[in-house]
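Letters go in sequence order (proteins before strands), and every chain restarts at 1.
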Amino acid sequence: MKLAYYPGCVAQESGKELDLATRWVCRALGIELVDFPNFSCCGSGFIDEANSILNVAMNARNLAIAERAGLELLTVCSTCQGMLTLANRRLEEPAVKAKVDSALTQIGVQYRGTTPVRHLLQVLTETVGAEAIRKRVRRPLTGLKVGAFYGCHLLRPAAEMRSESAEDPHSFEDLISALGATPVMYRGRVMCCGFPILFVKEATANRIAGHQIEDAKAHGAHAMATPCPLCHISLDSFQNQAAKSVGQELDMPIFHLPQLVGLALGATPEELGLPRHLVSTDSALQRIGQVAVPT
Amino acid sequence: MEAEFVKAPIEVYRYDPGTDRAPRYDRFELELAPHTPVLTALLKIRSDLDPSLTMRYSCRSSICGSCAMVINSKSRLACQTPVGPELERHGRIVIDPMRNMPVLRDLVVEMGGFWGNYRKLEPHLVENPDRPLPEGKTSSMSPEEVDRFKETPRCIACGACYSACPAVEHDAEFPGPMSLAKLYRFVVDPRDGAHRERLLKIQTGGLWLCMRCHLCTEACPKDVRPSERIRDLKEMAIRLQGATEHGSKHAIGFKDNIREKGVLNEFKLVRQTYNSLEMLAQVPQGLKIRRKKPELTQTPKAIEGLAEVEKLYQILDDEPGDSP
């Protein structure tokens, strides 16, 4: 399998560990990633709010890059997945398509609308398959209870995303089970992490993140995992603030999706960039015998 | 033909704040045809098993908007939700009152906050001096003008979006999805004379607290798609008055930020959103993050083909024209 790899901004910058883990896991599973140094940002939902047509045009340009190479586009971020998919949908509106096509023509780009946008979670569970991954597991994550945290834009709006059930998804939990860990079901798994308003009203954003982590913890999660690096910022980089806002210690290790897969397939914590997290993942690693329990 | 019946375990939230120390769930088991609406099941419970069960309902046809409640964790109309698919997916049906509103009794909630937020947005036409009402006639609109309302007139004010919304749950300043979708309806109504005032007011009145999680759009029984109308309001507000507060500053800052390198300059974005004093307050957290993630303050390399991106900005942003 060969895919056009769209890492998105954060995985190339402060969330570099997501890129490391994605490359490790894809290598292990024989998925060839093709890099395109001309991909631009997906707009992260913010450009859509400031200028929706510009946002569609920028993403049409990205989609055209993959189309020219004849490849499906792989995202590792729920928000990138949402924005690129939304661009495909909005280009089905004749007025939008006319305006965007006219701008693209002026930069010598044509997009015929044929690029499928697929998130790593979808590729792992739908194309590779949870059962095939189960067979590749070298170090089962037995004993680790993991709360999946999907990230809004992978699921919603359901009419546009056209993926699995938006209200009751199960692909992530299926994958967690295939890795030998135990999935934890809780209301927050399909809720918002608060990230989009982190810069609008930080206190509210932190409270929302804190609330979701509390929820996962109350249902027995030892760790959480997310397919979105923006959720990771809210849940990991700002977890200290989230904890303050809900008035309790959280100490919840937050894995990026491919980090969890990589651990089960035999990668070391360093290869997956785990030491880069703000909240130590050691408590989770101890449960699966990856690091020694301190005496 | 005889309908096939299925066993339907139903757990209903029960609470009377006047007499009960804590809420509880009462479990009932009915035999129902799979197409039976949850509302019909509840009415059957009330008539046959427990006459004290309290709920709101009226039309039973998804028109009045009275029977919104939380069914298996999702805010929706009881009359519009058949029991069959719920039982198939969850094995039982758990019914709670709507969220984000205080419980009066069982499934009935106090909706004063919901209506109050709506009323604050002045949901009525304000006369437009540029388009005076014709003497003795009703004001008519062209089909194109009516199309601009999109889905908003379908709203039946059931409250499902308000119940599903995390911004409502965590921040009293947010007016709620329905109020904003209805506000959109007046902002694009050519007969309304207060477009500017409405946008000016909402820009600092909680508009930017929407996290675009789209839970409202999924909850809405009438496919009003509130989250998309909120997005439209944000773009209209920015076009009218540019950056006024953190939300619009952040959106505009983000857009300008990407123009420079094609990808995000993370550190610069913080400076584009916050003033110096606010920046200072961010320093301790920023340093904590940077210790683990040194890229946070590094300037990213520009993408190849940045000139193409620049050209798109010139065509579509410097002179944006009408947004389709």
CG of A:Leu73 to CZ of A:Phe39: how many Å apart, nearest 0.5 Å?
4.5 Å
Quick one: which of B:Arg89, B:Lys292, B:Arg291 has the most heavy-atom pairs under 4.5 Å with chain A, could you say?
B:Lys292
Please enumerate all residues that pass salt bridge (Lys or Arg N to Asp or Glu O under 4.0 Å) together with B:Lys222, with sequence neighbours excluded.
none
In terms of heavy-atom pairs under 4.5 Å with chain A, which of B:Lys255, B:Met211, B:Gln314, B:Arg225 leads?
B:Met211
Donor-acceptor contact present, side-chain B:His250 to main-chain A:Val200, <3.5 Å:
no
Can you tell me which of A:Glu17, A:Lys16, A:Gln106 forms the most heavy-atom pairs within a distance under 4.5 Å of chain B?
A:Gln106
Pair A:His232, A:Gln259 - check side chain to side chain donor-acceptor pair (under 3.5 Å), show working.
CA-CA 12 Å; A:His232 198 269; A:Gln259 289 177 325; 4.8 Å; no
At a 4.5 Å cut-off on heavy atoms, which part of B:Lys288 comes close to chain A: side chain, backbone, both, or neither?
both
Whatever's closer than 4.5 Å to a heavy atom in chain B on A:His211 counts as side chain
Interface moiety of A:Arg187 toward chain B, non-hydrogen atoms closer than 4.5 Å:
side chain
Residue part contacting chain B, namely of A:Glu167, when any heavy atom lies under 4.5 Å
side chain
Any donor-acceptor pair under 3.5 Å from A:Asp236 side chain to A:Val279 backbone
yes
Contacting region of B:Arg290 [heavy-atom separation from chain A under 4.5 Å]
neither
Is the backbone N or O of B:His170 less than 3.5 Å from a side-chain atom of A:Arg207, with the two atoms forming a donor-acceptor pair by type?
yes
Greatest number of heavy atom pairs closer than 4.5 Å to chain A - which of B:Gln298, B:His246, B:Glu245, B:His214:
B:His214
Could you tell me which portion of B:Pro166 (side chain, backbone, both or neither) has an atom closer than 4.5 angstrom to a non-hydrogen atom of chain A?
both
Pair count under 4.5 Å, heavy atoms only, with chain A: among B:Lys234, B:Gln285, B:Lys311, highest is B:Gln285
Is the backbone N or O of B:Ile71 less than 3.5 Å from a side-chain atom of B:Arg76, with the two atoms forming a donor-acceptor pair by type?
yes
Between A:Leu155, A:Asn38, A:Val190, A:Ile233, the one whose heavy-atom pairs under 4.5 Å with chain B are most numerous:
A:Asn38
Using heavy-atom distances under 4.5 Å, tell me whether A:Cys9 contacts chain B through its side chain, its backbone, both, or neither.
side chain
Mind checking salt bridge (Lys or Arg N to Asp or Glu O under 4.0 Å) for B:Asp232 and listing every partner two or more places apart, or none if nothing turns up?
B:Lys150, B:Arg229
Given that the side chain runs from C-beta out, which part of A:Val109 has a heavy atom under 4.5 Å from chain B: side chain, backbone, both or neither?
side chain
If the contact rule is any heavy atom under 4.5 Å from chain A, which residues of residues 272-284 of chain B qualify, in numerical order?
B:Thr273, B:Tyr274, B:Gln282
When the 4.5 angstrom heavy-atom criterion is applied to B:Glu308 and chain A, the contacting part is both
Only counting residues at least two apart or in another chain, list the ones meeting salt bridge (Lys or Arg N to Asp or Glu O under 4.0 Å) with B:Lys249.
none
At a 4.5 Å cut-off on heavy atoms, which part of A:Leu198 comes close to chain B: side chain, backbone, both, or neither?
backbone
If one checks every heavy atom of B:Leu312 against chain A at 4.5 Å, the contacting part turns out to be both
Under a 4.5 Å cutoff for heavy-atom pairs, which residue among B:Asp171, B:Leu296, B:Thr217, B:Ile238 has the most contacts with chain A?
B:Asp171
Quick one: what part of A:Asp48 sits under 4.5 Å from any heavy atom of chain B, side chain, backbone, both or neither?
both
After noting the C-alpha distance and the side-chain angles of A:Asn88 and A:Tyr111, does the key distance pass the side chain to side chain donor-acceptor pair (under 3.5 Å) rule?
CA-CA 10 Å; A:Asn88 266 340; A:Tyr111 178 52; 2.6 Å; yes
